[in-house]
Amino acid sequence: MSLVSDFDGFETTSVGTVTPEITDGYQVDDTYWGYVIRTIDPPSLSLSIVQGLCWMAGIGFVVATLGLWLMPQAVNGSDVMGMKIGATVVTVALAFFCLWFASRGTDSEIQIDTRMGEVREVVRNRTGRSTLVGRYGFDAIGSVFIDAGPHAERRTMETGSLVLRYRNTAQTMHVATGAMSKLAQLRDRIGRDLMLAGSEHREDVPAPEFVVRAA
């Protein structure tokens, strides 16, 4: 696979430092297998509320399941046993889903794994446990661009969002939001890694684009 960028002169970025680079609303941590781009902005209030409601609902379903079998007045006749088993399956499944969603975390991060040649989208909770949301090979990334947001032509375009596009589809992955100059450096670094990984393959795939776009 041969990937060629649309612009030249990628700036050299050190990957050996152990000190994380914190810029605006994101942080870049270097690892032995690549680097991690973490969002350091607080999670949205709506997401926190939804997760709190799911936590309470999950506890409620657990209590309801226990009540089906442990309450003294619970009926255990053979004629209703099938209904109780069916209700138990439903409430346990709902409890599991609600508790899983409530505990999956709100801190998102993008892992650029240069050893395995893949991009991973991960959500991490407060205890450090991570949940894998998506995994994409480098050859599946169709473009890397900075989205300046709506009506960018009427603004100074000082800030934007770095986005990865899956092949040539409308599916995109948000990487980071910050100052244009800093995002351009991060875009160049990701683009360089995509091309270095692509030079080790022989298949013909579309080259990733590195542009600034206004939504």
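Interatomic distance, S108 OG to I37 CD1, rounded to the nearest 0.5 Å: 10.5 Å. In this structure, the separation between CD1 on I190 and CZ on F138 is 8.5 Å, given to the nearest 0.5 Å. Note that OH of Y166 and CD1 of I141 are 8.5 Å apart. Values are rounded to the nearest 0.5 Å. Atom CG in L162 sits 8.0 Å away from atom CZ in R187 (nearest 0.5 Å). Distance CE/M56 to CG/L99: 12.0 Å, rounded to 0.5 Å. From F145, atom CZ reaches atom CG of L183 across 12.5 Å, with rounding to the nearest 0.5 Å.
Cluster partners of V123 are V133, counting Ile, Leu, Val, Met, Phe, Trp and Tyr whose side-chain heavy atoms approach within less than 4.5 Å, directly or via other members.
Looking at residues two or more places apart in sequence or on another chain, you find no salt bridge (charged side-chain N to carboxylate O under 4.0 Å, His left out) involving E121. For W33, the side chain to side chain contact (heavy atoms under 4.5 Å, CB included) criterion is met by T31, V36, Q111, D113, R115, R120, not counting sequence neighbours. A search for side-chain hydrogen bond (donor to acceptor under 3.5 Å, both in side chains) contacts involving Y136 returns Q171, not counting sequence neighbours.
By the criterion of side-chain heavy atoms lying less than 4.5 angstrom apart, applied directly or through intervening Ile, Leu, Val, Met, Phe, Trp or Tyr residues, V144 is grouped together with M173 in one hydrophobic cluster. A continuous path of hydrophobic side-chain contacts links M180 to L186 [ILVMFWY only; heavy atoms under 4.5 Å].
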Can you give the donor-acceptor pairs under 3.5 Å from side chains of residues 89-98 to other protein atoms, not counting sequence neighbours?
unit_1	atom_1	unit_2	atom_2	d
T91	OG1	T65	OG1	2.7
T91	OG1	A87	O	3.0
T91	OG1	T88	O	3.1

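Between R189 and D30 there is a salt bridge, with a side-chain nitrogen of the basic residue lying less than 4.0 Å from a carboxylate oxygen of the acidic one.
Put simply, the side chain of V163 does not reach to within 4.5 Å of the side chain of I146, judged on heavy atoms.
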